[in-house]
There are 2 protein chains.
Amino acid sequence: MSNEPGTFTACGACAAKRLNLCAGMRHKPSALPATSSARTLVQSITARRVICGPREWSEFVHVICSGWAMVSTAMADGRRQTLAFLLPGEIDSTASLFQPRFGRTIEAITEVFYRRFRREEMRDTVLSSPDLLRTLGELWSAERAQADDLAIDLGRRTADERIARLILDLGKRLALHGMVQEQTMDFPLRQRQIADATGLTAVHVSRVLNEFQRNALIRIGGRKLTILDYDQLRRLAEA
Amino acid sequence: MSNEPGTFTACGACAAKRLNLCAGMRHKPSALPATSSARTLVQSITARRVICGPREWSEFVHVICSGWAMVSTAMADGRRQTLAFLLPGEIDSTASLFQPRFGRTIEAITEVFYRRFRREEMRDTVLSSPDLLRTLGELWSAERAQADDLAIDLGRRTADERIARLILDLGKRLALHGMVQEQTMDFPLRQRQIADATGLTAVHVSRVLNEFQRNALIRIGGRKLTILDYDQLRRLAEA
DNA sequence: CGGATAGTTGAGTTATCTCAAATGCAGTGG
DNA sequence: CCACTGCATTTGAGATAACTCAACTATCCG
């Protein structure tokens with residue numbers, strides 16, 4: 001539940017573990033060539049700082065060790081859309097193994113510890129191992145499914161549904177790492193950030209969240225979120 | 001501009017050409033093993049029929065030879081979201097090389113000629129060639145960018161913007177194959193289908209399209225669309 | 001303690017939806 | 001060749017989810 005670098009818990013389902021990138025996360029050594037070790041030291045960055053800018057031709061793939069980050073785009077007139085939140089163990093995108101993701105910003109939400117892998121090296125390593133390659137394909141399929149789900153949320157679901165789904169999705173992903181206890185999880189998101197991710201405004205997010213709390217579906221406070229009525233929330237989410 | 005099977009024109013940018021899948025499209029032989037040829041005959045299907053259902057554990061990757069298809073999901077209560085239109089030369093998803101895409105339906109919009117490649121064989125072929133592998137990575141990156149763009153459209157753009165962008169996007173992709181002449185292209189989409197793709201209702205699509213025509217941005221008729229004022233449309237689209 | 005950022009709340013607006021009826025158009029069968 | 005049926009589109013009127021603006025309050029951090 002903490003953001004300390006050492007407390008990351010890899011699980012069988014997470015990208016980092018599955019691509020063998022856990023070196024420095026108190027796990028098996030990385031599958032990357034020894035020569036790359038110096039370049040893949042754990043980086044750290046404070047909340048709200050940019051990890052990778054939209055016009056940066058980054059030669060790195062980013063893997064989150066601890067903390068929360070987000071990937072988003074900003075339009076010229078100020079509209080923003082967040083494409084994904086990145087939780088511990090997650091890679092910014094499998095696509096970034098092949099090309100940088102132009103026009104997208106990766107930002108730290110909390111303090112973040114992350115590793116940077118040189119794209120070329122990581123790609124060569126992954127592509128030269130049949131096992132890793134199969135894993136990559138699976139991660140990629142999951143990522144595609146997630147992208148599709150986002151489109152369905154934004155295109156066809158109501159505000160209530162979107163927010164309920166976001167909460168459940170984050171809860172599920174955090175639970176993979178044992179980061180949910182007694183239905184309670186860290187929840188560092190500002191309402192503005194929830195709004196950016198769900199295609200809503202912060203004002204409306206505030207209303208929906210309070211409505212949820214009035215109905216005893218969730219409780220938020222002190223940067224923590226507790227799911228009080230999981231079934232109800234789920235019913236809302238999968239309508 | 002026609003839907004006949006023989007008239008497909010591969011271009012350097014399309015998935016089929018780049019992954020060497022053009023056999024049977026009057027192009028170079030496929031890179032697939034000879035043994036697979038019998039299984040990759042061109043299939044044909046009439047408009048509105050399902051190419052691959054949402055619960056089907058398809059062992060195939062689909063590549064469109066001619067005609068238009070679409071990938072969409074339906075929710076229990078009837079809401080639908082289209083995730084992509086598939087034009088000649090396009091693959092259903094690079095992710096489908098690894099896993100079937102559950103919950104998504106691929107449907108023919110017009111009469112469609114397409115090829116099915118056995119996932120396993122195609123994957124092995126692609127993964128065992130460094131060239132094809134690099135190409136695959138590029139296609140995947142492009143697909144990821146397109147998925148992101150869809151999320152931005154649905155989350156943050158107005159109806160006018162979404163529709164203008166859809167038209168320009170389709171025009172651009174058709175132009176790759178020389179399927180746009182004098183700013184005019186085949187346009188077999190029903191307003192309902194445009195609505196499903198843009199997260200709007202058919203009624204609202206009708207109003208926007210008529211507004212566009214009243215402003216002399218486009219002309220639609222006889223299943224053709226002409227872009228009359230490209231600059232204006234573009235300005236609308238990239239706001 | 002003070003300033004900045006985040007969240008709440010109310011009131012009024014609007015883009016888009018819903019419903020419903022009217023029209024157009026294409027294919028079918030007699 | 002026409003009447004019929006079923007879809008697609010248009011149009012109007014009214015409803016509503018979500019937005020905007022603005023003021024107020026709470027919370028955090030130095």
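So you know, we letter chains A, B, ... as the sequences are listed, proteins then strands, and number each from 1. For the numbers below, each heavy atom of this structure counts, side chains included, while hydrogens, waters and symmetry mates do not.
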Atom-to-atom span, [atom1] of [X] to [atom2] of [N] - whole angstrom:
X        : N      : atom1 : atom2 : value
A:Glu111 : D:dC29 : CD    : C1'   : 16 Å
B:Gln191 : C:dG24 : CD    : P     : 15 Å
A:Arg190 : C:dG7  : CZ    : P     : 5 Å
A:Arg79  : D:dC19 : CZ    : P     : 13 Å
B:Ile220 : D:dA8  : CD1   : P     : 15 Å
A:His204 : C:dT14 : NE2   : C1'   : 14 Å
A:Phe212 : C:dT8  : CZ    : C1'   : 17 Å
B:Glu211 : D:dT9  : CD    : P     : 18 Å

>> With a 3.5 Å cut-off and heavy atoms only, can you find an N or O donor on one side and an acceptor on the other between the side chain of A:Arg207 and the base of C:dG7?
In response: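 There is none.
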
>> At less than 3.5 Å, do the side-chain atoms of A:Arg192 and the base atoms of C:dG7 form a donor-acceptor pair?
In response: no

> Of A:Arg157 and A:Arg223, whose nearest nucleotide on DNA chain D comes first from the 5' end?
Replying inline: A:Arg157

> So how far is it from B:Leu236 CG to B:Thr158 OG1, rounded to the nearest 0.5 Å?
Replying inline: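 With rounding to 0.5 Å, CG (B:Leu236) is 7.0 Å from OG1 (B:Thr158).
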
Tell me whether the OP1 or OP2 atom of [N] has a side-chain N or O from [X] closer than 4.0 Å.
X        : N      : value
B:Ser206 : D:dT10 : yes
B:Thr201 : C:dT16 : no
A:Arg48  : D:dC28 : no

>> Taking the axis from the first five pairs and the axis from the last five, what angle separates them in the helix from C:dC1-D:dG30 to C:dG30-D:dC1, rounded to 10 degrees?
In response: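 Axis-to-axis angle, ends of the helix: 40°.
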
Looking at every strand, decide which applies to [X] at a 4.0 Å heavy-atom threshold: base, sugar-phosphate, or nothing.
X        : value
A:Gly222 : nothing
A:Gly221 : nothing
B:Leu209 : nothing

So which nucleotide from [options] ends up closest to the side chain of [X]?
X        : options                : answer
B:Asn210 : D:dA8, D:dT10, C:dT16  : D:dT10
A:Leu200 : D:dA18, C:dT18, D:dA8  : D:dA18
B:Val203 : C:dG10, D:dA18, D:dG12 : D:dG12

> Which heavy atom in A:Leu154 sits nearest to a heavy atom in B:Ala151, and how many Å separate them?
Replying inline: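 Minimum heavy-atom contact is CD1-O, 3.3 Å.
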
> Do A:Glu143 and A:Thr94 have side-chain N/O donor and acceptor atoms under 3.5 Å apart?
Replying inline: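 Per modelled atom types, A:Glu143 and A:Thr94 side chains form a pair under 3.5 Å.
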
>> Can you confirm whether the side chains of B:Ser141 and B:Arg144 place a donor and an acceptor under 3.5 Å from each other?
In response: no

>> With salt bridge (Lys or Arg N to Asp or Glu O under 4.0 Å) as the criterion, how do B:Arg104 and A:Asp148 come out once you've worked through the C-alpha distance, each side chain's angles and the decisive distance to 0.1 Å?
In response: CA-CA 9 Å; B:Arg104 320 298 181 218; A:Asp148 288 351; 3.1 Å; yes

> What is the ring orientation for A:His62 with A:Tyr114, classed by angle as parallel under 30°, tilted 30 to 60°, or perpendicular over 60°?
Replying inline: tilted

> Side chains of B:Arg80 and B:Thr73: does their closest heavy-atom pair fall under 4.5 Å?
Replying inline: no

> Hey, mind stepping through A:Asp153 and A:Arg157 against salt bridge (Lys or Arg N to Asp or Glu O under 4.0 Å) and telling me if it holds?
Replying inline: CA-CA 5 Å; A:Asp153 280 355; A:Arg157 290 196 231 256; 2.7 Å; yes

